[in-house]
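Counting begins at 1 with the first residue of the sequence.
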Amino acid sequence: MVTPAMVRVRFAPSPTGFLHIGSLRTALYNYLFARRHHGVCILRIEDTDRTRFVEGAIEEQIASLKWAGVTFDEGPHVGGQHGPYTQSERFDLYRQYGMQLVENGTAYYAFDSAQELDDMRARQQNAGIAPKYDRSTMRNQYTLGEAETRRLLDEGADHVIRLKVPLDEEIRFHDDVRGDVVVHGREIDDQVLLKSDGFPTYHLANVVDDHLMEITHVIRGEEWLPSTPKHILLYRAFGWEPPTFAHLPLLLNPDRSKMSKRHGDVMVTDFIKKGYFPESLVNYVSLCGWNPGTEQELFSHDELIAAFSLERVSKAGAIFDYRKLDWMNAEYLKAGNPETYADQILPDLAQMGYTYIDRDFVAKVITLLRERVTFLKDIGTFGDYLFGDTLANVDPTVWSDLTSNDALRTALTHFRAGLSADVLRDADAFKQFASSCAAEAGMKVGAMMKPLRIVLTHRDVGAELYDTVALLGVERCLPRLDAFLEVQA
Ligand code: GLU
């Protein structure tokens with residue numbers, strides 16, 4: 001049971017690159033869980049590994065999260081009572097806590113050189129055993145004794161601080177997604193907590209911060225599951241109560257391979273560039289690994305908050321289906337307000353050099369064409385014949401087939417002569433008019449419509465022809481008909 005007022009969760013990215021779609025899901029689940037339980041959602045920057053730091057990554061990640069509507073109550077960009085929220089500003093703190101463990105005997109000094117560690121690994125490899133720090137054969141507080149350890153420290157010898165993992169015990173914890181997890185101490189490395197430069201490792205900083213920031217639920221990717229027994233041991237070493245853990249399933253490509261750059265777009269910025277709505281990306285991503293237990297697929301932001309629960313997060317890897325995401329984006333495009341969309345694409349349309357971009361007109365075009373595209377921005381190219389004065393070049397083979405069709409030329413000559421606002425007053429009037437033009441040329445009206453569409457729009461597919469012609473208006477149709485009729489057969 002979750003005690004509502006108690007919930008404090010955190011999203012803890014490392015600034016090693018742009019925001020990955022899997023990280024967006026982790027952030028989103030933390031956010032939804034916090035909002036669902038009227039709790040607090042914290043952003044913490046885990047930049048202990050300075051060698052992997054990427055300039056600008058923090059700002060980009062925060063911007064992508066903001067775009068997706070994931071907001072934080074505490075964090076480096078908003079402040080809060082538990083700061084600083086960037087780990088590189090907390091290094092002294094980790095050192096103090098690390099030393100506390102040396103003093104209470106749950107961590108120890110180790111003086112091994114890089115060469116000694118390499119040799120140890122080689123010995124283990126030759127013996128066919130998994131590499132793991134072998135406390136009993138290496139140079140540490142236990143093998144050297146207290147006096148020698150002290151002497152080396154006084155001398156300023158290079159050293160790290162390692163966690164003393166019990167070798168004769170099973171570490172158990174409960175995971176809200178995976179159930180009970182048991183790992184034997186023998187399988188866990190004596191994790192380095194403080195490096196030789198005095199900087200903390202992820203494990204120490206992560207546990208110290210989760211405790212000090214009073215985190216109640218750690219919701220993170222499955223790749224951190226193997227680290228959790230170490231974290232449990234750290235909580236025990238400090239005498240702290242561990243939070244509840246929930247490890248989220250991996251995101252997979254449709255072929256079940258791990259989602260990575262090699263397989264397509266995986267950064268949130270890629271999805272933004274492609275033109276997805278934040279609402280549809282968030283809606284889709286929320287369903288990758290969680291299911292509402294009903295058939296409902298389209299969820300508003302508030303509906304997601306109301307429906308989300310960790311109990312319905314699945315253990316199995318979640319397939320990220322780009323086609324399903326496209327479908328969802330198209331659904332959002334069909335449902336939204338055309339005027340709002342018009343405002344969003346007007347600057348682009350202006351930049352594309354179009355002339356017919358009055359807001360009301362653009363909204364009408366969006367209403368007409370949105371069933372046929374996946375992205376709002378595609379309206380600009382798909383509807384070029386409605387926004388512009390001129391038309392793109394038509395495929396010459398299609399064009400010549402049409403220009404040599406005498407009946408069609410006759411029908412369209414009648415069409416050109418009779419086209420008026422009156423015949424465009426409604427769909428029936430237009431249909432009657434078109435039929436009469438076809439009849440004059442001895443054609444079936446059905447056979448005239450597609451060529452007429454090509455002549456007027458230079459495309460063979462599009463919305464209802466009446467709607468298209470009505471939006472174009474008489475003045476813009478006439479020169480297009482002339483352009484066709486003037487071509488010598
Ligand atoms: N800094 C880790 C990451 O990059 C956070 C892992 C955790 O949430 O504990 O994903």
Side-chain angles (χ1 to χ4, degrees), residues 46 48-51 87-88 90-125 127 129-173 181-212 224-242:
E46 299 206 328
T48 50
D49 188 351
R50 302 303 290 173
T51 57
Q87 290 189 327
S88 56
R90 301 166 67 85
F91 278 161
D92 289 347
L93 204 68
Y94 307 128
R95 184 144 188 88
Q96 284 163 29
Y97 278 100
M99 292 315 294
Q100 194 178 313
L101 298 189
V102 177
E103 277 149 32
N104 76 14
T106 53
Y108 61 89
Y109 294 110
F111 297 91
D112 316 287
S113 66
Q115 185 60 52
E116 286 167 325
L117 290 169
D118 283 349
D119 293 347
M120 175 194 74
R121 255 177 248 120
R123 280 198 306 277
Q124 291 169 333
Q125 234 156 25
I129 49 177
K132 179 171 172 296
Y133 184 77
D134 182 353
R135 194 189 304 153
S136 62
T137 62
M138 303 302 286
R139 290 200 307 132
N140 56 50
Q141 211 171 334
Y142 300 106
T143 55
L144 300 170
E146 289 304 320
E148 177 62 2
T149 300
R150 185 59 20 231
R151 193 189 67 74
L152 286 170
L153 290 175
D154 290 345
E155 209 177 65
D158 263 2
H159 65 274
V160 299
I161 287 171
R162 285 181 182 270
L163 177 67
K164 188 181 184 198
V165 174
L167 300 174
D168 50 358
E169 212 189 297
E170 286 179 339
I171 323 302
R172 293 166 181 276
F173 63 95
V181 182
V182 185
V183 181
H184 201 286
R186 277 193 308 266
E187 291 162 30
I188 306 171
D189 224 351
D190 278 359
Q191 178 63 51
V192 174
L193 301 177
L194 286 167
K195 297 186 262 190
S196 56
D197 55 10
F199 282 9
T201 55
Y202 151 74
H203 305 276
L204 177 65
N206 186 269
V207 166
V208 166
D209 284 350
D210 281 347
H211 174 72
L212 295 180
W224 301 103
L225 191 63
S227 299
T228 309
K230 294 177 185 174
H231 298 178
I232 295 287
L233 288 172
L234 277 169
Y235 281 101
R236 190 158 91 189
F238 283 118
W240 297 335
E241 191 64 34

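- Atom CZ of Phe199 is separated from atom CG of Asp49 by 10.5 Å, given to the nearest 0.5 angstrom.
- Leu93 is listed as a side-chain neighbour of Leu212, based on a closest heavy-atom distance under 4.5 Å.
- At least one side-chain heavy atom of Arg135 sits less than 4.5 Å from a side-chain heavy atom of Tyr108.
- Put simply, the side chain of Phe238 does not reach to within 4.5 Å of the side chain of His211, judged on heavy atoms.
- In this structure, a donor-acceptor pair under 3.5 Å is present between the side chains of Gln87 and Asp209.
- The distance from atom OH of Tyr202 to atom NZ of Lys230, rounded to the nearest 0.5 Å, is 10.0 Å.
- Between Met138 and Thr143 there is no side-chain heavy-atom pair separated by less than 4.5 Å.
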Open item on the list: Is there a side-chain contact (heavy atoms from CB on, under 4.5 Å) between Thr137 and Arg123? Walk through the geometry before answering.
Closed with: CA-CA 11 Å; Thr137 62; Arg123 280 198 306 277; 3.8 Å; yes
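- With rounding to the nearest 0.5 angstrom, the CD atom of Glu169 is 8.5 Å from the NE2 atom of His184.
- Asn140 is not listed as a side-chain neighbour of Phe111, based on a closest heavy-atom distance of 4.5 Å or more.
- By the 4.0 Å N-to-carboxylate-O rule, Arg151 lies close enough to Glu155 to be salt-bridged with it.
- Residues Leu234 and His203 approach most closely at CD1-O, 3.7 Å, considering heavy atoms.
- Between Asp189 and Val165, the shortest heavy-atom contact is O-CG2, 3.4 Å.
- Of all heavy-atom pairs between Ile161 and Ala107, the closest is CG2-CB, 3.9 Å.
- Nearest heavy atom pair, residue Lys164 against residue Gly105, reads CD-O, 4.0 Å.
- Here salt bridge (Lys or Arg N to Asp or Glu O under 4.0 Å) pairs that include residues 111-120, with residues two or more places apart or in two chains, are Glu116-Arg139, Asp118-Arg121.
- Taking both residues in full, the closest heavy atoms of Pro200 and Leu204 are given as CB-CD2, 4.2 Å, listed atom of the first, atom of the second, then distance.
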Open item on the list: For Tyr235 and Val207: C-alpha separation, side-chain torsions, deciding distance, then whether side-chain contact (heavy atoms from CB on, under 4.5 Å) applies.
Closed with: CA-CA 7 Å; Tyr235 281 101; Val207 166; 3.8 Å; yes
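- Taking both residues in full, the closest heavy atoms of Ile171 and Pro229 are given as CG2-O, 3.9 Å, listed atom of the first, atom of the second, then distance.
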